[in-house]
Peer 1: 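Input: one structure, supplied below.
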Number of protein chains: 2
Amino acid sequence: MSLSYALLGLLRGSPINGYAIKALFDEAINFVWQAELSQIYRELESLEKKGLLCSTIEPQRDRPSKRLYQVTEAGRLAFEKWATTIPDSFATPKRDEFSLRIFFGSGTDKELMKEEFRRYIEHMRGLRKGAEKYTNLAERFPGDQVMARADQICREDPYCDFIRRRAVLVSEAQILWAEECLAKLEAGPGS
Amino acid sequence: MSLSYALLGLLRGSPINGYAIKALFDEAINFVWQAELSQIYRELESLEKKGLLCSTIEPQRDRPSKRLYQVTEAGRLAFEKWATTIPDSFATPKRDEFSLRIFFGSGTDKELMKEEFRRYIEHMRGLRKGAEKYTNLAERFPGDQVMARADQICREDPYCDFIRRRAVLVSEAQILWAEECLAKLEAGPGS
DNA sequence: TTTATCATGTAAGTCGTTACATGATTGA
DNA sequence: TCAATCATGTAACGACTTACATGATAAA
């Protein structure tokens with residue numbers, strides 16, 4: 001599973017706690033990975049048991065204590081191995097509810113399907129907009145060192161920009177596709 | 001979960017057995033849904049227990065017996081309800097190992113990353129090629145009525161074509177993106 | 001004779017979501 | 001006072017994968 005590598009990769013830098021990782025996933029790298037807090041905590045615990053991470057409790061004055069994680073040497077090695085081994089297959093599991101709904105569209109009222117495409121286009125425009133600009137983590141989390149650092153890394157790292165650019169291009173392709181479908185449905189008989 | 005609706009949708013037509021459904025997923029609608037045989041069998045069983053499907057055993061002379069499934073009236077209603085209710089969100093779970101590998105690319109040797117992009121482009125070209133033509137199920141499964149019928153439906157159904165077209169456009173966008181990334185890596189310092 | 005295809009299933013384990021529990025502080 | 005944010009976790013369930021078991025026929 002790749003969540004473990006996402007965590008090992010993120011924890012190579014300064015120590016982070018589970019809650020902040022969730023914020024990073026949601027705010028900064030939402031084109032890359034997604035996970036629920038409960039899953040993150042469980043995975044961090046599991047990685048620590050395996051000796052790939054270690055944690056320390058950091059008490060805070062005005063906030064609850066944090067459990068800060070860092071990679072161990074073994075964790076760093078495991079990540080390195082994963083990062084330098086090109087996978088045999090690039091296939092991603094194909095399980096997309098929207099595709100399925102469209103696939104079975106011919107049994108559904110055409111006006112309803114048109115509305116579904118319109119809503120999909122709105123959704124995709126939102127995604128594109130979100131990907132077009134850098135997520136300004138430093139602004140959103142003022143005074144947070146971890147976020148400031150993540151922000152800076154993303155701004156300087158060409159690979160981080162690749163991922164952002166991909167989100168833009170792919171969502172644009174899907175917008176064009178959906179608009180094309182809508183036009184065909186409107187041009188077709190009985191509309 | 002949507003696998004159940006994929007099954008209910010497929011089984012609205014002529015009765016099909018689990019093994020044939022797997023073939024349909026793999027050959028015809030691989031842009032739409034994916035599932036392992038073991039999961040299909042379990043899900044079919046579960047849907048029958050819920051009264052949404054019913055099955056009959058069909059003995060064959062030269063082959064093992066088949067368990068043929070069909071939707072019940074309750075199953076048809078459940079499918080209708082799903083198909084005619086536009087979901088609140090179009091978000092798909094974002095969990096793509098390739099994105100993650102690129103995101104962490106700056107720590108990896110540049111030549112290795114270039115090779116990874118090249119392999120990715122090859123993979124995407126294969127996907128595009130597969131999507132450009134109709135999957136000729138009738139040719140691949142000569143004499144198979146279920147496949148012949150699925151083939152014909154796909155050929156006549158505009159929604160089926162939408163899905164195919166989407167796969168073409170999205171894989172094209174990803175090819176362009178990856179080529180753009182490669183060019184940037186090659187133009188950058190130290191290449 | 002061995003491999004491939006057809007055919008159905010079970011069992012174990014991993015991965016992921018949803019719901020629940022707890023409790024502190026801050027701001028409206 | 002009430003909601004929001006910060007913070008960590010547990011428990012139950014649901015979804016998916018991998019491995020295993022079985023056995024027939026057809027083709028190489």
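All chains are named by letter (A, B, ...) in the order of the sequence lines, taking the proteins before the strands, and each is independently numbered beginning at 1.
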Peer 1: To the side chain of B:Ser38, which of D:dA19, C:dA7, D:dT5 is closest?
Peer 2: D:dA19

Peer 1: Whole-Å distance between C:dG16 P and B:Asp96 CG?
Peer 2: 13 Å

Peer 1: Looking at D:dT10, C:dC6, C:dT17, which one has an atom nearest to any side-chain atom of A:Gln34?
Peer 2: C:dT17

Peer 1: From CG of A:Asn17 over to C1' of C:dA24, roughly how many Å is that when rounded to an integer?
Peer 2: 15 Å

Peer 1: Quick one: B:Gln39 CD to D:dC16 P, roughly how many Å, whole number?
Peer 2: 5 Å

Peer 1: With respect to B:Phe104, which candidate in A:Trp33, A:Tyr159, A:Phe79 satisfies the ring-ring contact (aromatic ring centres under 6.0 Å, His included) definition?
Peer 2: A:Phe79

Peer 1: Output the single nucleotide from D:dT8, C:dC6, C:dT18 whose closest atom is nearest the side chain of B:Arg63.
Peer 2: C:dC6

Peer 1: Given C:dT17, D:dA7, C:dT8, identify the nucleotide with an atom nearest to the side chain of A:Pro64.
Peer 2: D:dA7

Peer 1: Please state how far atom CD in A:Glu36 lies from atom C1' in D:dT10, giving the value in whole angstrom units.
Peer 2: 15 Å

Peer 1: Is any side-chain N of the basic residue among A:Glu180 and A:Lys184 closer than 4.0 Å to the acidic one's carboxylate O?
Peer 2: yes

Peer 1: Keeping the roles fixed (side chain from B:Thr85, backbone from B:Trp82), state whether a donor-acceptor pair exists under 3.5 Å.
Peer 2: no

Peer 1: Expressed in angstrom and rounded to an integer, what is the separation of B:Arg95 atom CZ from C:dT14 atom C1'?
Peer 2: 13 Å

Peer 1: A:Gln60 CD to C:dT25 P: how many Å, rounded?
Peer 2: 12 Å

Peer 1: What nucleotide among C:dT17, D:dA7, C:dG9 has an atom nearest to a side-chain atom of B:Tyr41?
Peer 2: C:dG9

Peer 1: State whether the number of non-hydrogen atoms from other residues, nucleotides or ligands found under 6.0 Å of A:Arg149 atom CZ is greater than 12.
Peer 2: no

Peer 1: To the nearest Å, give me how far apart CD1 (A:Ile21) and P (D:dG9) are.
Peer 2: 12 Å

Peer 1: Verify the contact: side-chain N or O of A:Tyr19 to OP1 or OP2 of D:dT8, cut-off strictly under 4.0 Å; return yes or no.
Peer 2: no

Peer 1: Testing A:Arg125, A:Glu115, A:Gln174 for side chain to side chain donor-acceptor pair (under 3.5 Å) with A:Tyr120, which one passes?
Peer 2: A:Gln174

Peer 1: What nucleotide among C:dT8, D:dC6, D:dA12 has an atom nearest to a side-chain atom of B:Leu37?
Peer 2: C:dT8

Peer 1: Choose from C:dG16, D:dA7, D:dT17 the nucleotide whose nearest atom is closest to any side-chain atom of A:Arg42.
Peer 2: C:dG16

Peer 1: Take atom NZ of B:Lys22 and atom P of D:dT18, then tell me their distance rounded to the nearest Å.
Peer 2: 11 Å

Peer 1: Go through D:dT10, C:dT10, C:dG16 for me and flag the one nearest to the A:Glu45 side chain.
Peer 2: D:dT10

